[in-house]
Amino acid sequence: MAETTPLPAETLPPSSSSSAIWSEFSKRVLIKNIIGRPDGGVGLAGEKIKVGGWVKTTRDKGKGSAFLELNDGSCPANLQAIVDSSVVELTQIKATGTCVFLEGVLKKPPEGTKQSVELEVEQMGTLVCVCHKKMASLIIQASSVFNSVRAAPG
């Protein structure tokens, strides 16, 4: 009798109706598993997914919503997400580097756009906003420490 090997947990969707590849430990879909598909993710349109990552860029869409370019480090490409102000205060997520966890539905964008799919955000999980003033201060402090160590007699 032949042994059957179960699929790795990473490939098992949270529900039998989903065809997205979910990560075993983080309970989210990696951006590479959306955009890296042969169809660019179009086959996943209409599916509810969760993604997490860092905001690369933001643009105001107008009418109380914004576009976010999200990257999770799984690939060089970004996933565009549309966030409405009814979901979260938009000023909280505009800073580049803000860490977000999003849940929403993938949809096909209007014709003529560069994205194959985009995420229409329904819920936003815990987020950590990056304060650029503090970050700049930390970079200067780290640089000073590095220079003093490098200049130390050895």
Side-chain angles (χ1 to χ4, degrees), residues 4-143:
T4 57
T5 306
L7 288 172
E10 179 179 88
T11 61
L12 296 174
S15 71
S16 59
S17 63
S18 176
S19 63
I21 299 175
W22 290 74
S23 294
E24 177 182 10
F25 300 107
S26 62
K27 305 300 183 219
R28 65 186 171 103
V29 178
L30 297 177
I31 291 173
K32 74 174 182 178
N33 293 333
I34 300 169
I35 298 174
R37 292 168 48 110
D39 64 1
V42 174
L44 297 174
E47 290 204 29
K48 189 170 195 165
I49 64 160
K50 296 177 184 179
V51 294
W54 296 269
V55 175
K56 297 291 276 187
T57 61
T58 60
R59 313 190 297 286
D60 281 329
K61 181 181 176 189
K63 301 178 187 171
S65 59
F67 290 113
L68 303 180
E69 292 289 326
L70 187 71
N71 191 286
D72 64 4
S74 66
C75 68
N78 300 323
L79 176 66
Q80 180 168 281
I82 303 169
V83 182
D84 191 82
S85 61
S86 64
V87 174
V88 67
E89 178 64 38
L90 297 177
T91 56
Q92 292 181 346
I93 56 173
K94 292 222 174 173
T96 298
T98 299
C99 184
V100 295
F101 188 74
L102 309 173
E103 182 176 347
V105 177
L106 286 171
K107 67 175 203 164
K108 193 171 179 186
E111 286 293 320
T113 59
K114 68 177 185 172
Q115 296 83 14
S116 300
V117 291
E118 57 191 13
L119 182 67
E120 192 167 289
V121 177
E122 296 174 344
Q123 290 186 355
M124 179 173 287
T126 304
L127 56 97
V128 178
C129 188
V130 173
C131 177
H132 292 289
K133 289 180 184 176
K134 286 183 181 178
M135 185 63 77
S137 173
L138 289 173
I139 291 170
I140 291 169
Q141 290 172 8
S143 175

Are [X] and [Y] close enough that some pair of their side-chain heavy atoms sits under 4.5 Å apart?
{"X": "I34", "Y": "V51", "answer": "yes"}
{"X": "K50", "Y": "Q123", "answer": "no"}
{"X": "T98", "Y": "W54", "answer": "no"}
{"X": "L44", "Y": "V117", "answer": "no"}
{"X": "I82", "Y": "K107", "answer": "yes"}

Q | CA sep, side-chain torsions, deciding dist, call: N78, I31, side-chain contact (heavy atoms from CB on, under 4.5 Å) | A | CA-CA 7 Å; N78 300 323; I31 291 173; over 6 Å; no
Q. Do N71 side-chain atoms and L79 backbone N/O form a donor-acceptor pair below 3.5 Å?
A.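 Pair absent, no side-chain N/O of N71 close to backbone of L79.
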Q) Are the side chain of D72 and the backbone N or O of L30 linked by a donor-acceptor pair below 3.5 Å? A) no
**Q.** Qualifying residue for side chain to side chain contact (heavy atoms under 4.5 Å, CB included) with L119, from L102, L70, V83
**A.**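 That would be L102.
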Distance check, rounded to the nearest 0.5 Å: [X] atom [atom1] versus [Y] atom [atom2]?
{"X": "R28", "Y": "I49", "atom1": "CZ", "atom2": "CD1", "value": "10.5 Å"}
{"X": "L106", "Y": "K48", "atom1": "CG", "atom2": "NZ", "value": "12.0 Å"}
{"X": "F67", "Y": "K61", "atom1": "CZ", "atom2": "NZ", "value": "5.0 Å"}
{"X": "C75", "Y": "K32", "atom1": "SG", "atom2": "NZ", "value": "8.5 Å"}
{"X": "T57", "Y": "Q80", "atom1": "OG1", "atom2": "CD", "value": "8.5 Å"}
{"X": "L90", "Y": "T58", "atom1": "CG", "atom2": "OG1", "value": "9.5 Å"}

Grab the two heavy atoms, one from [X] and one from [Y], that are nearest each other, plus how far apart they are.
{"X": "G40", "Y": "S116", "answer": "O-CB, 3.3 Å"}
{"X": "A45", "Y": "K108", "answer": "CB-N, 4.2 Å"}
{"X": "F101", "Y": "K27", "answer": "CZ-O, 4.2 Å"}

